[in-house]
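Read the numbers this way: they start at 1 and go in the same order the structure lists the ligands and their atoms.
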Amino acid sequence: MPKDSVVNSKQAASKPETKDTKGLTATKEADFSEWYTQLIQKAELIEYSPVSGCYILRPNAYFIWEQVQAFFDGLIKADGVKNCYFPLFIPESLLTKEKKHVEGFAPEVAWVDFGGDTKLGERLAVRPTSETIMYDAYAKWIRSHKDLPLRLNQWNNVVRWEFKHCTPFLRSREFLWQEGHTVFATKDEAVRENYKILDFYEQTFRDLYAVPVLKGQKSEGEKFAGADFTLSCEAFLPNGKAIQGSTSHYLGQNFAKAFGIEFVDEKQEKQFAHQNSWGLSTRSIGVMILQHSDDKGLVLPPRVAPVQVVIVPIIFDKGKEEVLAAVKVARIALEKAGLRVHVDDRDGYTPGWKYNEWEVKGVPVRIEIGPKDVEKKQCMVARRDSGEKKPFMLASLGKEIPALLHQFQQDLLTKAEKHMVASIVRVETVADAVTHVENKKLVLVPWCGETSCEERFKEKSGAKSLNAPFDQPALKKGQGCFACTQKAIRWHYFGKSY
Ligand code: 87F
């Protein structure tokens, strides 16, 4: 701090430098879980609520979700999907109509038994997902091939009463998501949509969150029980763990048969429809946090950051007016360039204290403007990701900061991509796979596809199957499964995961 600062040092010190205001005390490396807990609270993303496993999304978190909503919503609407809203409550008889899909999930369903003191005639499930209530209506709406395709989406909340340990964003008892439910006359159309939606998810992860994903097909053991097949986007985090980002299911005719979704085709013959369902949830925010953040706190990709640029005036008695005038000009130029700007001109906080705060909150770019800078018609610009600090000319901020943010977004993605690519190891035996998984790698193995191999490998390594990449390397002639004596049918990713 320069000596002639007018920020009263006593005043600054009197601001409680308690746990609430300082940076993080835990590191990502040494105590990952404490680091995450501190980060999400100090970045003002999350507040804990009186209900265990249910979290408050504060404006900083909700803003991110709004960007994702706007982006993904734009993609699906341009593709012809329409939004709608179905009720939160699902009668028990409806939820259990397609037995296979709820079997494993039944313990997680939350129920309403009473309205006031009056016991309900039939208890109501709090929606854990909307297949059943939507398909009950679809059966009424769909009569002819002319009613198809039917492609609806909902942005809503769902409840799954988790008994495992909950973690904000990653696993909570209530979360926000979109659920798309589409119906087609033919398998071909449904499957094509299914892959396309997965591309939209990949785009959302890459372009907004700067998170690269591995696209592929889930194993029989890991797919949604109600589906013929499940596609997924899997992210790979710096701690060596993979995490499922989103899924897209081809439901075949399974639900159509259970709910009577039939149509008369062009030849006047009755057919069961082909369906998809697909979802992306607020869990994706957790994936982004874990991908980019560091020991100083949150690192936000500019495209989702509530504040993209923070300007901190450095005020001394001398030159105060000039600094404030330069700050104002800079702010207007940046806002004109379409950026989300905040000027931190609070009294009584030292610049350093302010820097810490905005670093914890993940603001991508900080601009410092002091009297010496103004004299030189410049300012200092600091990047949140690399910590790099450089002088910029004040007059060119409106052009250069947008370019810097663009580069910032790109650099986050490139860094994550490099890490992901460098972490993928192709191996052919369980022994090699175990070694690499222990070294925080993702293994690509030739697999026969049997669930027993998956389970055995999990016991040895703690790693689960993630997905089988669409881009399959050629299997050697007679290539055996990595875990048994049978022939391999495909290459599949395995890794430790959330
Ligand atoms: C919990 C309770 C009851 C997941 C549940 O992935 C039912 C379920 O069906 C359940 N948890 N699921 C699977 C959800 C499948 C599917 N739904 C639409 C998605 C994407 C969006």
On a heavy-atom basis, which atom in L39 and which in G297 lie closest, and how many Å separate them?
CD1-C, 3.3 Å
Lys/Arg N to Asp/Glu carboxylate O, D228 vs K223, below 4.0 Å:
no
Counting heavy atoms only, which of Q244, R160, H101 comes nearest to atom 14 (C) of ligand 1?
R160
Note: ligand 1 atoms sitting under 4.0 Å from heavy atoms of T247 are 6 (O)
Angle class for the F482/F494 ring planes (parallel below 30°, perpendicular above 60°, tilted otherwise)?
tilted
Would you say E108 has any N or O atom under 3.5 Å from an N or O of ligand 1, going by distance alone?
no
Considering only NZ, NE, NH1 and NH2 on the basic side and carboxylate oxygens on the acidic side, decide whether E234 and K218 come within less than 4.0 Å.
yes
Testing the basics here: between I261 and V183, what is the closest heavy-atom pair and its distance to 0.1 Å?
CG2-CG1, 4.1 Å
Considering only residues two or more places apart or on different chains, which pairs with a residue in residues 136-149 satisfy side-chain hydrogen bond (donor to acceptor under 3.5 Å, both in side chains)?
none
Can you check whether H181 has an N/O within less than 3.5 Å of an N/O in ligand 1?
no
The side chain to side chain contact (heavy atoms under 4.5 Å, CB included) partner of V68 among L208, I285, T282 is L208
If hydrogens are left out, which of E162, Q178, R127, H249 has an atom nearest to atom 19 (C) of ligand 1, that is, the closest non-hydrogen atom?
H249
Of the protein's non-hydrogen atoms, which lies at the shortest distance from atom 1 (C) of ligand 1, and what is that distance?
F105 CB, 3.3 Å
Atoms of ligand 1 close to G279 [distance to a heavy atom under 4.0 angstrom, numbered from 1]
20 (C), 21 (C)
Can you tell me the protein heavy atom closest to atom 18 (C) of ligand 1 and the distance?
E131 OE2, 3.3 Å
For W177, the ligand 1 atoms whose distance to one of its heavy atoms is below 4.0 Å
17 (N), 18 (C), 20 (C), 21 (C)
Please determine if W278 has a nitrogen or oxygen closer than 3.5 Å to a nitrogen or oxygen of ligand 1.
no
